[in-house]
Amino acid sequence: MQLNLVQAINQAMYQEMERDKSVMVMGEDVGKDGGVFRVTQGLLEKFGEARVVDTPLAEAGIMGTAIGLAVNGMRPVLEIQFDGFTYITLNQLISHAARMRMRSRGKYTVPLVMRAPWGGGVRALEHHSESMEAIYAHIPGVKTVIPSSPKEAKGLLISAIRDPDPVVFFEPKRLYRAFKEEVPEEPYTIPLGEARILQEGKDITMITWGSLTRTCMEYVQNAKYGIEIIDIRSLSPFDENTVLASVKKTGRAIIVSESPKSGGFAAEISARIAEKALMSLNAPILRVSGYDVPIPLAKLEDYYLPDTARIGKAVEEIMKY
Amino acid sequence: MSRKKVFEAQIEYLQILDEKGNVDASLDPKLDELTLKKMYETMVRSRAMDKKAISLQRQGRCYTYVPTEGQEAAQVGSVMASKKEDWMVPAFRENAAYLAKGVSMRTLFLYWMGHEEGSRFEKDQNCFPVSIPVGSQVGHAVGLAWAAKIQGKRQAAITFFGDGASSEGDFHESANFAGVFQIPCVFICQNNQYAISTPRARQTRSETIAQKAIAYGFEGIQVDGNDVLAMYVATKKALEKGYAGKGPTLIEAITYRIAAHTTSDDPKRYRDEAEVEAWRKKDPIARFQTYLKKNGFWNEAYEKEVQEKAAREVEEAVKKAEGFQANPEDMFKYLYQDLTPDLRQQMQEMKQSLEG
């Protein structure tokens, strides 16, 4: 069936809730309203109030109680309404969700998923366009996943829901209704921690995730070099092998990310390439990213977000070597 | 148009056993000898453990320790009112609560000696590990009890926190959730008068901490936290209410932290010895001993036996804990269900660096 990202994510939750009675959805406006992006639409009607919970407006409370729910047999899928409001959950996520299994020597586990719309490009209000995924990928004990298409999102979310450990699942809101693609009706999983090669090429490895996979693909349609595009899908666990194998083949790496540049996840990928594939490189590793500023409001956000022009500049630069 | 009163509330205070050990017969739960003795012995064991742990810390054999002294009744009374399958979600000053829940002293010593193994509880011990970020554990208790409610289980959760935590957002958000969803959770605020150096008056202008429950639509009660019987009765009632689907309760246990905040703290910087002395006269163990004696359950021989048994238990627990050898690889093994490729590699790197 042809589905957009919103529909694919909705279907993943619907099918998992049908399959497993312990799966529940909780968050602000996720029930009656179906979520502000309508991602949870129809779940309340089908699964009822006990399992589809409109919570008070309190993100730390959502994450804190979800931890207890998860330890005592439930599988909460919590929606935080926007990326910019996920920071309120960080203490619970870092200090408890991520550590409960380790702290209790495996007795207590926290199989929860925190979903949140992520990233810029939709002309939203302040705090509604953030891409601070590096913070989450930095937390030991948490997995961080960012899908790049409807088909990808369904398989990755089903894996995240079935995963025995906490998963942060950031949904590129720019792609929510950007396009449809064929999504298998039956439930299926895509393993967390496996990158995918979107396009093969011999000259440059271009590593990216989320909405920018689309921008990169758009760029390569008219590129004069052979560009291999890797969608990393999961920042943590990270599929180093796919990245290194590609870089060893091409000898050039460009990392494309919409986060602020310094200390971002692109820096982590760059460090891994430098540590393990330096001798294969023909050129410096380049990053095309947001600038080290909070993503500007609607009028200026296009100046901040990487686009095909900036990617093209980096490609020309790296091909000088 | 009108001007009228739309809300009114009041907070009750409960004390069954006064500071001198006199009992209010009309309120006495008249527990059986076995239960009463278990209460007493658990409090004595906790006190004995405290003493030893502080001494070990001074000798460098135990790291920073958080003493329970003075708060034994608040913890033992409430945990003993709960069922085995109920959850106990502590902060970090709940040694007596752990003992009441059946956790071994060896396990507790392991924790304070710096071993993660000190948070490994038996399969049927429904208690959470120590939670150090103040107030952050309260939501977990609400979630645990919420799950039980969804699953239709007759199970509740008890969570401990302090007067300091009553200022934290986590407490307020969690209490609000519990009220909205009528969760069978018992919030036990051990108001021990200080958050390190900050006195109770600096945490809130509210007359009581118990009244904070009113704002979230459920019942709050103030209890003499040094009265083990009152704590038992109040918690029992709160739990029964929870099992019956009638929601949460907040119990403010008025107590006092006799010892320092931790072995790294010097309470002389912020409180007078006279104040501590006044509270020593309200000691929960001495008071309960008087009660037991009046009921014919206590004599010198029994006391000697209880003290000796506790001392032996402490010595054996310390010996076992000191004999425990941690495996460095364990830091990797429990993070996720399966080792990630990165962790496998880092574990290998550590092994190699250890081999030199």
Side-chain angles (χ1 to χ4, degrees), chain A residues 21-22 24 26 49-51 53-74 76 88 91-92 94-112 140-143 163-166 192-193 234 236-241 272, chain B residues 87 89 116-123 125-126 128-133 135-153 155 157 159 168-170 172-181 183 185 330-343 345:
Chain A
K21 260 174 61 183
S22 68
M24 63 184 286
M26 61 193 288
E49 279 189 342
R51 290 174 65 202
V53 185
D54 276 320
T55 66
L57 208 164
E59 290 79 7
I62 294 170
M63 180 59 86
T65 55
I67 291 169
L69 283 159
V71 170
N72 204 11
M74 302 303 289
I88 309 168
N91 181 47
Q92 286 295 340
I94 297 173
S95 303
H96 293 301
R99 299 178 189 209
M100 200 54 84
R101 175 191 288 277
M102 178 167 176
R103 200 185 269 153
S104 68
R105 308 279 88 180
K107 185 179 180 194
Y108 302 134
T109 59
V110 184
L112 64 76
V142 168
K143 298 179 181 181
D163 197 274
D165 291 301
L192 308 185
S234 152
S236 161
F238 183 66
D239 180 359
E240 194 178 81
N241 292 340
R272 286 176 188 252
Chain B
W87 290 89
V89 181
E116 268 88 5
E117 282 293 313
S119 298
R120 185 194 287 278
F121 305 119
E122 302 294 332
K123 195 165 183 290
Q125 287 169 346
N126 279 352
F128 255 35
V130 163
S131 172
I132 292 179
S136 61
Q137 73 282 9
V138 178
H140 308 164
V142 174
L144 289 165
W146 189 354
K149 182 177 168 147
I150 295 171
Q151 295 154 358
K153 286 193 285 199
Q155 184 189 46
T159 181
E168 290 278 7
D170 270 315
H172 292 275
E173 294 192 18
S174 307
N176 189 41
F177 270 64
V180 167
F181 298 112
I183 307 294
C185 183
D330 282 357
M331 76 171 82
F332 299 103
K333 276 192 348 208
Y334 296 103
L335 191 60
Y336 299 99
Q337 178 169 284
D338 302 309
L339 279 175
T340 61
D342 282 344
L343 286 175
Q345 193 183 331

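Every chain is numbered from 1, with letters handed out A, B, ... down the list of sequences. None of the values given here were measured: they were computed from a predicted structure.
- In this structure, the side chains of B:Asn126 and B:Leu144 stay at 4.5 Å or more apart for every pair of heavy atoms.
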- request: Output, in order, the C-alpha distance, side-chain angles, deciding distance and verdict of salt bridge (Lys or Arg N to Asp or Glu O under 4.0 Å) for A:Arg272 and B:Asp342.
  value: CA-CA 11 Å; A:Arg272 286 176 188 252; B:Asp342 282 344; 2.7 Å; yes
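- Using a 4.5 Å cut-off between heavy atoms, A:Ile62 contacts chain B through both its backbone and its side chain.
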Verdict with reasoning, B:Gln137 to A:His96, per side chain to side chain donor-acceptor pair (under 3.5 Å)
CA-CA 9 Å; B:Gln137 73 282 9; A:His96 293 301; 5.9 Å; no
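- In this structure, chain A has a heavy atom under 4.5 Å from the side chain of B:Lys153, while its backbone stays farther away.
- Using a 4.5 Å cut-off between heavy atoms, A:Ala70 does not touch chain B at all.
- Both the backbone and the side chain of B:Phe128 come within contact range of chain A, with heavy atoms under 4.5 Å apart.
- B:Lys333 has its side chain out of reach of A:Arg105: every pair of non-hydrogen atoms, C-beta onward, lies at least 4.5 Å apart.
- Only the backbone of B:Val130 has a heavy atom closer than 4.5 Å to any heavy atom of chain A.
- The part of A:Val142 that comes within reach of chain B is its backbone (N, CA, C, O), which places non-hydrogen atoms under 4.5 angstrom from that chain.
- Among the candidates B:Ala141, B:Ser174, B:Gly139, the residue making the largest number of heavy-atom pairs closer than 4.5 Å to chain A is B:Gly139.
- With a 4.5 angstrom heavy-atom cutoff, A:Glu59 touches chain B only via backbone atoms.
- B:Ile183 and B:Phe177 get closest at one heavy-atom pair: CG1-O, 4.1 Å.
- Here the closest non-hydrogen pair linking A:Ala50 and A:Val53 is O-CG2, 3.6 Å.
- With a 4.5 Å cut-off on non-hydrogen atoms, B:Leu335 touches chain A through its backbone and its side chain both.
- Neither the backbone nor the side chain of B:Glu168 comes within contact range of chain A; no heavy atom of the residue lies under 4.5 Å from a heavy atom of that chain.
- If you measure heavy-atom distances from B:Thr340 to chain A, the contacts under 4.5 Å come from the side chain alone.
- Heavy atoms of A:Ala66 lying under 4.5 Å from chain B are absent altogether.
- Chain A forms more heavy-atom pairs under 4.5 Å with one residue of B:Val142, B:Asn176, B:Asp170, B:Ile132 than with any other, namely B:Asp170.
- The number of heavy-atom neighbours closer than 6.0 Å to CD of B:Gln151, taken from other residues, nucleotides and ligands shown, is above 12.
- Looking at A:Met24, only its side chain comes within 4.5 Å of chain B, counting heavy atoms on both sides.
- We find the CZ-OH distance between B:Arg120 and B:Tyr334 to be 4.0 Å, quoted to the nearest 0.5 Å.
- Of the atoms belonging to A:Ser22, not a single heavy atom falls under 4.5 Å from chain B.
- With a 4.5 angstrom heavy-atom cutoff, A:Ser104 touches chain B via backbone and side-chain atoms both.
- Interatomic distance, A:Ile67 CD1 to A:Gln92 CD, rounded to the nearest 0.5 Å: 4.5 Å.
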* May I have the step-by-step check of side-chain contact (heavy atoms from CB on, under 4.5 Å) for B:His140 and A:Val71, ending in yes or no? => CA-CA 9 Å; B:His140 308 164; A:Val71 170; over 6 Å; no
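- Side-chain contact between B:Glu173 and A:Pro56 is absent, with no heavy-atom pair separated by less than 4.5 Å.
- Residue A:Asn72 touches chain B through both its backbone and its side chain, counting heavy-atom pairs closer than 4.5 Å.
- Side-chain contact check for A:Asn91 and A:Ser95: at least one donor-acceptor pair (N or O, by modelled atom type) lies under 3.5 Å.
- Here the side chains of A:Ile94 and A:Arg99 are in contact, with some heavy-atom distance below 4.5 Å.
- Only the side chain of B:Gln155 comes within contact range of chain A, judged by heavy atoms closer than 4.5 Å.
- Looking at B:Glu116, both its backbone and its side chain come within 4.5 Å of chain A, counting heavy atoms on both sides.
- Top candidate by heavy-atom pairs under 4.5 Å with chain B, chosen from A:Asp239, A:Asp165, A:Asn241, is A:Asp165.
- Per-residue heavy-atom pair counts under 4.5 Å with chain B were compared for A:Pro237, A:Pro76, A:Pro140, and the maximum is reached by A:Pro140.
- For B:Ala148, the parts lying under 4.5 angstrom from a heavy atom of chain A are both the backbone and the side chain.
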